[in-house]
Amino acid sequence: MKKQEYRVSINAPREKVWNILWTDETYRQWTAPFMEGSYAVTDWKKGSKVLFLGPDGGGMVSKIDENIPNEYMSIQHLGMVNNGVEDTESDKVKDWAGAHENYTLKDANGQTDLIIEMDLNEEYAKMFNETWPKALQKVKELAEGN
């Protein structure tokens with residue numbers, strides 16, 4: 001796995017960007033480029049489990065490694081969810097289980113820099129390189145729109 005970084009500057013305070021990222025209604029909007037109808041089941045607290053699910057109920061099982069409000073969120077991906085069953089042991093998930101997805105928010109000249117750092121398998125790089133810019137643009141639109 002390699003680390004890949006995605007970033008965007010947003011003309012809004014960190015607190016607003018943070019709320020856009022982790023409030024259910026706006027989370028569903030900005031994650032639509034990854035999968036229309038996707039959502040997360042969690043309380044976003046450090047140590048909590050996260051189910052990242054699509055409309056069919058399948059998706060990923062992860063945990064919150066760190067949550068520093070308005071500054072940093074680290075998510076560790078553990079496995080897949082298929083037909084309501086969590087798989088953290090099969091060969092299908094062993095290649096990428098333990099991968100992290102980190103969100104950093106920094107003040108920058110009156111704006112907020114949102115930086116995503118992700119452990120990435122080569123087979124998913126093309127998809128994420130196409131979808132992250134769209135998702136970050138949606139975060140920017142939501143944060144700057146109100």
Enter the distance from [X]:[atom1] to [Y]:[atom2] here, rounded to the nearest 0.5 Å.
X	Y	atom1	atom2	answer
Met127	Asn121	CE	CG	11.0 Å
Lys3	Met118	NZ	CE	11.0 Å
Ile20	Glu15	CD1	CD	12.5 Å

Which heavy atom of [X] sits nearest to which heavy atom of [Y], and what is that distance?
X	Y	answer
Pro13	Thr112	C-OG1, 3.3 Å
Asn11	Gln111	CB-NE2, 3.9 Å
Thr131	Pro33	CG2-O, 3.5 Å
His100	Asp65	NE2-OD2, 2.5 Å
Ala40	Val50	CB-CG1, 4.3 Å
Ser62	Ile75	CB-CG2, 3.7 Å

Check whether any side-chain heavy atom of [X] lies under 4.5 Å from a side-chain heavy atom of [Y], and answer yes or no.
X	Y	result
Val139	Ile10	yes
Met80	Met60	yes
Asn129	Gln4	yes
Lys49	Lys63	no
Val41	Leu53	yes

Main-chain N/O of Ser9 paired to Lys140 side chain as donor or acceptor, under 3.5 Å: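 It does hold such a pair.
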Side chain Asp87, main chain Glu89, donor-acceptor under 3.5 Å: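 Yes.
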Under a 4.5 Å side-chain heavy-atom rule over Ile, Leu, Val, Met, Phe, Trp and Tyr, are [X] and [Y] clustered together?
X	Y	answer
Tyr6	Phe52	yes
Met35	Leu51	no
Ile116	Met73	yes
Ile64	Tyr103	yes
Phe34	Leu120	yes

Asn83, CG atom: more than 12 neighbouring heavy atoms under 6.0 Å: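 Atom CG in Asn83 is not packed in, count stays at 12 or less.
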Crowding at NZ, Lys92 (>12 non-hydrogen neighbours, <6.0 Å):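 Result for NZ/Lys92: open.
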SB check [X] [Y] (cutoff 4.0 Å):
X	Y	result
Lys126	Glu130	yes
Glu117	Arg7	no
Asp107	Arg14	yes

Stepwise ring-ring contact (aromatic ring centres under 6.0 Å, His included) check, Trp18 with Tyr72: CA-CA 9 Å; Trp18 185 264; Tyr72 182 76; 8.8 Å; no
Trp44 and Tyr27 aromatic ring geometry - parallel, tilted or perpendicular at 30°/60° bounds: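 Rings of Tyr27 and Trp44: tilted, 30 to 60°.
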For Leu105, the option from Leu21, Asn70, Asp113, Ile115 that meets side chain to side chain contact (heavy atoms under 4.5 Å, CB included):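 Exactly one pass, corresponding to Leu21.
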Salt bridge (charged side-chain N to carboxylate O under 4.0 Å, His left out) between Lys2 and Asp119, intermediate numbers included: CA-CA 5 Å; Lys2 67 174 188 168; Asp119 295 325; over 6 Å; no
Test side-chain contact (heavy atoms from CB on, under 4.5 Å) applied to Thr104 and Leu114, step by step: CA-CA 6 Å; Thr104 303; Leu114 171 58; over 6 Å; no
Working for side-chain contact (heavy atoms from CB on, under 4.5 Å), residues Leu136 and Lys134: CA-CA 6 Å; Leu136 291 176; Lys134 294 174 187 173; over 6 Å; no
Check: Trp96 ring centre within less than 6.0 Å of Tyr124 ring centre: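 Not close enough - the centres of the two rings lie 6.0 Å or further apart.
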Ser48 and Thr42: CA distance, side-chain angles, deciding distance, side-chain hydrogen bond (donor to acceptor under 3.5 Å, both in side chains) verdict: CA-CA 7 Å; Ser48 291; Thr42 188; 4.9 Å; no
